[in-house]
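Throughout, numbering of the chain's residues begins at 1 and tracks the sequence. Values reported hereafter were calculated over all heavy atoms of this structure, with side chains retained and with hydrogens, waters and symmetry mates removed.
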Amino acid sequence: MNHALLFSVFIVASCGLAYELIAGALASYLLGDSVTQFSTVIGSYLFAMGIGSWLSRYVERQLVARFIQVELLVGVVGGLSATGLFFIFAWSSAPFKLALYLSVFAIGVLVGLEIPLIMRILKRDLVFKDLVSQVLTFDYLGALAVSILFPVLLVPHLGLMRSGLLFGLLNVAVALWACWLFREQLRNFRGLLGQGATAMLGLLAAFIAAGELTSMAESHLYADDIVHAENTPYQRIVVTRWKDDLRLHLNNNLQFSSRDEYRYHEALVHPALATLPAARRVLVLGGGDGLAVREILKYPQIESVTLVDLDPAMTRLFASAPPLRRLNGDALQSPKVRVVNADALQWLEANDELFDFVVVDFPDPSNFAIGKLYSSAFYRLLEKHLSGDALAVIQSTSPLYARQSFWCIVTTLESVGLVATPYHALVPSFGEWGFVVAGRRGYRPPQSYAVNTRFLTPAMTPALFVFPKDMARIDAEVNRLNSQVLVRYFEQEWRQVIR
């Protein structure tokens with residue numbers, strides 16, 4: 001019986017950490033700024049666990065029955081937390097933060113009750129030093145197991161909803177197991193067994209229906225029909241369609257609309273590449289949708305394009321789904337294109353190849369994981385991969401809505417010795433959007449375009465480099481790797497725009 005209870009500690013610890021990780025990941029997906037979300041979720045959760053541990057002193061009778069009831073509550077509340085929070089955000093994002101921290105607090109209090117109750121149940125048969133060492137050993141092993149499985153297997157294959165429900169089922173299974181082990185001692189054995197069976201059936205039904213529940217919630221979150229949705233170890237990918245408009249969303253953030261993406265990608269690629277008739281080797285960092293590559297391949301002199309994108313699910317999707325292949329012109333199937341799935345910073349560190357043109361097309365710096373790719377350390381590394389007269393172009397968020405963020409990127413590029421030339425273009429889906437051409441020499445806009453364009457003309461290109469008063473340069477700090485001020489700028493500025 002002692003061994004069974006110690007194994008229960010392993011399961012309980014796994015479930016407790018899993019709910020913490022799920023809450024932090026869900027908050028990061030929906031609110032951005034992963035460091036802030038995980039920090040506040042973990043802090044609130046540990047504080048609540050402390051309260052739960054303190055409250056356990058007032059549980060004096062029927063310890064096994066109370067432990068079983070706590071396990072059932074943890075299983076139901078924790079198991080359904082991700083589902084409930086996702087629905088709350090989909091219907092109305094305003095109360096999401098309150099609901100998030102209330103659920104984290106409730107789960108933390110319940111989890112804080114678990115270990116003290118188990119220790120008090122076990123102390124009849126184990127001396128104190130063995131009791132503490134064995135319980136804490138299994139507790140830490142459970143935490144280790146779930147911390148490895150969560151990003152590698154659970155989120156990519158089950159998603160946050162099903163992962164939460166799975167751990168809820170495990171908590172209920174522990175309760176039922178304890179109910180059976182102590183059936184001789186329980187006054188209300190049948191009642192507890194019935195409660196456990198009801199909780200198990202409810203969570204199992206929700207687990208089976210999780211796909212439909214996710215679709216139902218996302219149908220309210222996205223205005224258009226969802227044609228593809230998947231979880232990866234790195235992000236939530238959703239593609240929507242309305243009539244002939246395909247839209248890509250990553251972690252609930254719009255990445256492009258097929259109706260006007262050509263404006264963005266032409267502005268990203270052609271003003272710089274059109275001035276490099278000798279360019280042969282091109283590097284694209286990010287841009288796993290292949291749309292920037294499509295524009296690059298319009299130039300017949302280009303011999304090779306290396307695309308480095310972190311998420312293999314992205315490049316696989318845009319290389320295989322017929323509507324997305326039509327959109328990028330089968331760019332990712334071109335024999336000139338080499339796709340590498342790796343972290344861009346690590347890839348640059350590990351390679352010494354030189355390129356004549358580099359496109360840096362990362363998502364906006366909404367969290368520290370992405371913010372490092374806009375840092376002085378990253379740009380210093382990028383400069384080492386530029387051939388003599390090479391140019392790089394960096395998507396740089398909106399100079400209108402995130403003015404200080406935009407000029408922070410310009411300042412950061414200049415801090416590593418690159419000559420930065422900022423410009424902007426109107427993309428209706430996003431508004432005014434910013435870009436920066438960077439190189440070792442000065443830059444002048446092209447006098448003509450040798451390739452077919454739908455948006456750009458030689459006559460209007462110089463106007464892209466003129467900034468009106470409300471987008472003119474303002475002071476901004478350098479975005480350094482250890483401080484990442486850009487993420488703070490970005491969050492503060494976009495918070496005033498997005499309701």
Side-chain angles (χ1 to χ4, degrees), residues 8 10-27 29-30 65 67-92 95-96 99-100 102-104 106-111 114 142 146 149-150 153-181 183 186 188-222 225-226 228-231 236 238:
S8 297
F10 178 86
I11 301 297
V12 164
S14 300
C15 295
L17 181 61
Y19 300 136
E20 189 177 354
L21 292 172
I22 288 167
L26 187 64
Y29 279 12
L30 300 178
F67 170 72
I68 291 169
Q69 290 171 334
V70 166
E71 284 301 291
L72 292 176
L73 281 171
V74 173
V76 172
V77 176
L80 293 173
S81 60
T83 304
L85 288 169
F86 198 61
F87 269 90
I88 289 170
F89 187 87
W91 260 272
S92 177
F96 175 77
L100 170 69
L102 285 176
S103 69
V104 166
I107 296 167
V109 169
L110 292 169
V111 170
E114 291 174 321
V146 78
L149 292 174
F150 185 78
L153 291 176
L154 296 173
V155 174
H157 297 288
L158 294 180
L160 293 178
M161 275 194 190
R162 276 204 171 101
S163 294
L165 290 164
L166 172 63
F167 285 101
L169 287 166
L170 289 175
N171 270 124
V172 173
V174 168
L176 290 172
W177 190 6
C179 195
W180 181 255
L181 285 174
R183 60 190 180 278
L186 294 171
N188 188 24
F189 169 68
R190 291 184 181 278
L192 291 171
L193 197 62
Q195 293 170 23
T198 301
M200 179 69 77
L201 290 173
L203 290 170
L204 193 58
F207 184 89
I208 294 170
E212 289 75 14
L213 291 172
T214 303
S215 298
M216 188 186 306
E218 288 184 332
S219 67
H220 288 267
L221 195 59
Y222 301 104
D225 294 335
I226 296 172
H228 179 85
E230 72 175 296
N231 292 299
R236 172 79 173 166
V238 175

**Request:** Starting from the C-alpha separation in whole Å, work towards a yes-or-no answer on side chain to side chain contact (heavy atoms under 4.5 Å, CB included) for Ser14 and Leu170.
**Result:** CA-CA 9 Å; Ser14 300; Leu170 289 175; 5.9 Å; no
**Request:** Supply the atom-to-atom distance Ser163 OG to Leu149 CG, rounded to the nearest 0.5 angstrom.
**Result:** 10.0 Å
**Request:** Identify the heavy atoms of Val172 and Gly75 that sit nearest to each other, and give their distance.
**Result:** CG2-CA, 4.2 Å
**Prompt:** Counting N and O atoms only, with roles assigned by atom type, does the side chain of Tyr19 sit under 3.5 Å from a partner on the main chain of Gly168, one being a donor and the other an acceptor?
**Reply:** yes
**Ser81 side-chain N/O to Gly78 backbone N/O, donor-acceptor pair under 3.5 Å** = yes
**Asked** Once you round to the nearest 0.5 Å, how far does CG of Leu165 lie from CG of Leu158?
**Response** 10.0 Å
**Item:** Interatomic distance, Ser103 atom OG to Ile88 atom CD1 [nearest 0.5 angstrom]
**Value:** 8.0 Å
**Message:** Within the structure provided, determine whether Glu71 and Trp177 are in side-chain contact (heavy-atom separation under 4.5 Å).
**Reply:** no
**Prompt:** If you round to the nearest 0.5 Å, how far is CG of Leu17 from CZ of Phe167?
**Reply:** 8.5 Å
**Message:** Using every non-hydrogen atom in the two residues, find where Val238 and Ala229 come nearest and quote the distance to one decimal.
**Reply:** CG2-CB, 4.2 Å
**Asked** Which atom names give the shortest non-hydrogen contact between Ala210 and Met161, and what distance separates them?
**Response** O-SD, 4.1 Å
**Request:** Rounded to the nearest 0.5 Å, what's the gap from CG on Asn171 to CG on Leu166? Could you check?
**Result:** 10.5 Å
**Complete:** Here the pair of heavy atoms bringing Val70 nearest to Leu110 is CG1-O, 3.4 Å
**Prompt:** What distance do Ile22 atom CD1 and Cys15 atom SG have between them, rounded to the nearest 0.5 Å?
**Reply:** 9.5 Å
For residues 188-209, which side-chain donor-acceptor pairs fall under 3.5 Å, sequence neighbours excluded?
residue : atom : partner : partner atom : Å
Asn188  : OD1  : Gly191  : N            : 3.3
Thr198  : OG1  : Gly194  : O            : 2.9

**Request:** Specify the closest pair of heavy atoms between Ala175 and Leu72, including all atoms of both residues, with the distance to one decimal.
**Result:** CB-CD2, 3.6 Å
